[in-house]
Amino acid sequence: MSKVSAKRQITLPVDQCQALGIRPGDEVEIFIYEGHLTLVKKMPGSAYGLLRSVKPKSDISDEESRQSAIV
């Protein structure tokens with residue numbers, strides 16, 4: 001079982017790191033959802049092409065776009 005240090009650091013168990021391919025120096029993202037932490041290894045290029053099917057609206061101004069993102 002991992003413990004949180006005084007600096008709020010956590011040591012990941014070796015077997016879990018090996019199972020997920022996490023190595024020293026790798027970057028990870030940590031998310032909080034419904035009171036649980038989820039750790040995800042960042043993978044270069046994992047989002048490549050994700051927005052390929054999204055078509056920009058040509059009739060919307062930059063300001064309208066910003067405002068719609070805030071709401």
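All values below were derived from every heavy atom in this structure, side-chain atoms included, with hydrogens, water molecules and symmetry-related copies excluded.
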When hydrophobic residues are tied together by side-chain contacts of less than 4.5 Å, even through go-betweens, does Tyr33 share a cluster with Ile30? no
Non-neighbouring partners of Gln16 that pass side-chain contact (heavy atoms from CB on, under 4.5 Å), sequence neighbours left out: Pro13
Where is the tightest heavy-atom contact between Gly21 and Asp26, given as atom of each residue plus distance? O-OD2, 3.5 Å
Can you name the closest pair of heavy atoms from Leu12 and Ser2 and give their distance? CA-OG, 4.5 Å
Rounded to the nearest 0.5 angstrom, the CG-CD1 distance for Leu37 and Ile10 is 6.5 Å
For residues Leu20 and Lys41, report the shortest heavy-atom separation together with the two atoms involved. O-CD, 4.1 Å
Between the CZ atom in Arg23 and the CD atom in Gln18, the distance rounded to the nearest 0.5 Å is 10.0 Å
What's the separation between atom CD in Glu64 and atom CG in Asp59, rounded to the nearest 0.5 Å? 8.0 Å
Residue pairs passing the salt bridge (charged side-chain N to carboxylate O under 4.0 Å, His left out) test where at least one lies in residues 1-20, sequence neighbours excluded: none
Nearest 0.5 Å, what's the NZ-CD1 distance between Lys42 and Ile22? 13.0 Å
